[in-house]
There are 2 protein chains.
Amino acid sequence: MTRPAMTLSEIARIAGVSKMTVSNVINGKKGVAEETRQRIMEVIQETGYIANRSARNLASGRTRTIGLVVPKLNSNYTLYIGEILRGAGDAADQHHWDLLVCTTSDDEEREFRRIQSLASGLADGILVLLPRAEQSYLSLLQETHIPVITLDHGLIETPLPSIDVDNHTGGRLATQHLLDLGHRRIAFIGGTYSRAHLERLDGYQEVLKENGIPVDSELIVQGDYSQPSGFKAAEHLFNLHDPPTAIFALSDAMAFGVMESAGRRGLRIPDDLSVVGFDDIPMAGWVHPQLTTIRQPLYQLGETAINLIIAMTDGDVLPGQRMLLPVELVVRGSTTKAR
Amino acid sequence: MTRPAMTLSEIARIAGVSKMTVSNVINGKKGVAEETRQRIMEVIQETGYIANRSARNLASGRTRTIGLVVPKLNSNYTLYIGEILRGAGDAADQHHWDLLVCTTSDDEEREFRRIQSLASGLADGILVLLPRAEQSYLSLLQETHIPVITLDHGLIETPLPSIDVDNHTGGRLATQHLLDLGHRRIAFIGGTYSRAHLERLDGYQEVLKENGIPVDSELIVQGDYSQPSGFKAAEHLFNLHDPPTAIFALSDAMAFGVMESAGRRGLRIPDDLSVVGFDDIPMAGWVHPQLTTIRQPLYQLGETAINLIIAMTDGDVLPGQRMLLPVELVVRGSTTKAR
DNA sequence: CTGAAAGCGCTAACAT
DNA sequence: ATGTTAGCGCTTTCAG
């Protein structure tokens, strides 16, 4: 708590060897006599020595750290980020790399600063998981000399490598499922304007058209992925002259809002109303009835991203510009045949 | 993406000045001619130069970074961490410090490694927010030469400075509230064994005794802060010969589980059953009826912790060993008079 | 106001 | 198997 940290030189001096030998022991290099190794290890143990990271990074030119930039970690609409982080964290751990998580609070200046920080030698690669695509940080990313991958990225088509979820198929699967159950008035509660939103909407409309059902713009409502916005959207839909018999919400949280609204009006789910969500967060299995939803491979997204970017830092071949991860329809109790 | 990063020397060479002048400009030191400053800034802009963090940290001996160690960011029982993080992040930003968040997955080895990492010059101070108190990392924390604060810490009384929430009062407030409403059969759904759990339980029992109500161990059930565990605990309680008319759950998530279980049995809340949670996560205001709960000052906890530890790194006076933050009873719709 | 020298703690590349 | 030499890119200290 008070005394200054030990250094390599001191350890070397105490153990009566050169700095290099200590360095080799620390880094598990072979070519050190077992006896010497033992002695050095003892000194390290006793003194509680830990190698200084800055010095090590500076000298080696590598940090073995991946930076991950996210908007927030608490708000409802970013709940799914936790799962991505878990996948990324586990993967990083397996490689014995560190993961450095930075939050931006959806603030343009912070987005820029965080990325700049990471690019200034704090990390060997950057993973960007932001719903906003500001020109400021995008150009920074393109200029930086370390690998970058954007994850599930919002608005703009960038020349940066990206890993995305197959949102279009997600939109199709949900809609087709409801159609198969005989529903014809299927409402769509969208998220904030983003590529994910557009692609899912496109899938929804495509399936309707394929089945000869006109797209009714009255049934397409805007939300923001949060529970309250799903509630509000549902209230609006229920007040329509010809209300929907099924609702497809672009997040599980919004689907919960729909269920809440339905419950307050005495509508039973799934008998009076079928509901499909998106994400498959753990809570989807906890509510009653359990939520039918589109599962995003979030853990896998994090995992894949780490594996890929570490490969990139090793100078391995950079894979195709855009990678698409599959989604899956999970049928539970919140959907049933239309009456 | 490919060309190597710029260095201070190159900027200095291009601008035709010495390294020191560039350094002074970057760090906003005064005593640089405006003209020179302009010229250097231009070069920096054009080249996209960013100062290398490792070099800077190494030379200055400071990182202006606080490390925060948490178990996970996604699991239900750690949902409240997001709010702490928000407070910490905002406070760090105001000081222009960085926040480095590390997750451990409740894994002893990772706890140790993460803390060791941070103590190895990655951070100037460490905030520990772990529900587990393993001797391995505790002794490491006590040996380290940088300031450490434990937050809302679990099991063991350590000699480390700590910031905690007033759990005891929380337990009292919830119980007293239900008592005031006329309830006599008040169940308690606990969390995993920890100081927080014990203190809240103590408050609960204390108030009961003060009011001459015998503590019925049948009404004290163990949970793990998750929604499903609350559900299970409620199922158990409802099957008792003499079931409770009110339930106090040690997390909002468990309270949701209780509400779910009650709903499936046709018990109306609050008429047939009063429910009090703990935390006051945003979702507490979204469910129907809204949840009466004990609000923890989570944002403030994060904020306070950062302010304190930055002060400590500046060598400022170390405040009392243990700081207690107040809790608050938030009365909403899930509690009412006993019939 | 600006610059030169020294060194932060470590590793890479070469000796021995 | 171990030691020596040279820096990594920056800041600190002290001179001009």
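Note on naming: letters A, B, ... go to the chains in the order of the sequence lines (proteins, then strands), and numbering restarts at 1 for each one. Reckoned from all heavy atoms, side chains included, excluding hydrogens, waters and symmetry mates.
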Test item: A:Glu46 and A:Ile14 side chains (from C-beta on) under 4.5 Å apart, heavy atoms: no
Touch class at under 4.0 angstrom, heavy-atom based, for B:Thr36 against every strand present: sugar-phosphate
CD/B:Glu34: more than 12 non-hydrogen atoms of other groups inside 6.0 Å: yes
Distance test, side-chain N/O of B:Ser18 to OP1/OP2 of C:dA4, below 4.0 Å: no
C:dT11 OP1/OP2 closer than 4.0 Å to side-chain N/O of A:Ser60: no
Atom pair distance, as rounded to whole Å: CZ in B:Arg64 and P in D:dT11: 12 Å
Evaluation steps, salt bridge (Lys or Arg N to Asp or Glu O under 4.0 Å), between A:Glu42 and A:Arg39: CA-CA 5 Å; A:Glu42 264 172 41; A:Arg39 183 155 35 93; over 6 Å; no
Euclidean distance, atom CZ of residue A:Arg13 to atom C1' of C:dC10 [Å, nearest integer]: 17 Å
Atom pair distance, as rounded to whole Å: CD1 in A:Ile50 and C1' in C:dC10: 15 Å
Touch class at under 4.0 angstrom, heavy-atom based, for A:Asn27 against every strand present: sugar-phosphate
Atom-to-atom span, CZ of B:Arg62 to P of C:dG9 - whole angstrom: 16 Å
Interatomic distance, B:Asn52 CG vs C:dC10 P [rounded to whole Å]: 17 Å
Proximal nucleotide (of C:dT11, D:dG3, D:dC10) relative to the A:Thr21 side chain: D:dG3
Any side-chain heavy-atom pair of A:Pro161 and A:Met312 under 4.5 Å: yes
Atom pair distance, as rounded to whole Å: CD1 in A:Ile40 and C1' in D:dT2: 10 Å
From CD (B:Glu83) to CD (B:Gln300), nearest 0.5 Å: 11.5 Å
Short side-chain N/O contact to C:dG9 OP1/OP2 from A:Thr7, under 4.0 Å: no
From D:dG9, C:dC10, D:dG3, nucleotide with atom closest to A:Tyr49 side chain: C:dC10
Length of the line joining A:Ile11:CD1 and C:dC10:C1', which is rounded to integer Å: 13 Å
Most 5' of B:Met20 and B:Ser54 on DNA chain D, judged by nearest nucleotide: B:Ser54
Nucleotide nearest B:Ala51 when distance is taken to its side chain, options C:dT11, C:dA12, D:dC10: D:dC10
Candidate nucleotides D:dT12, C:dG9, D:dG3, ranked by approach to the side chain of A:Leu58 - the nearest: C:dG9
Out of C:dG7, D:dT2, C:dC10, whichever nucleotide has its closest atom nearest the side chain of B:Ala59: C:dG7
Nearest atoms (heavy-atom pairs only) where A:Ile126 meets A:Ile115: CD1-O, 4.0 Å
Closest to the A:Lys19 side chain, choosing from D:dA6, C:dG3, D:dC10: D:dA6
Separation of atom CG in A:Asn57 from atom P in C:dC8, rounded to whole Å: 18 Å
Out of C:dC10, D:dT11, C:dG3, whichever nucleotide has its closest atom nearest the side chain of B:Leu8: D:dT11
B:Lys29 vs D:dT11: side-chain N/O to OP1/OP2 distance below 4.0 Å: no
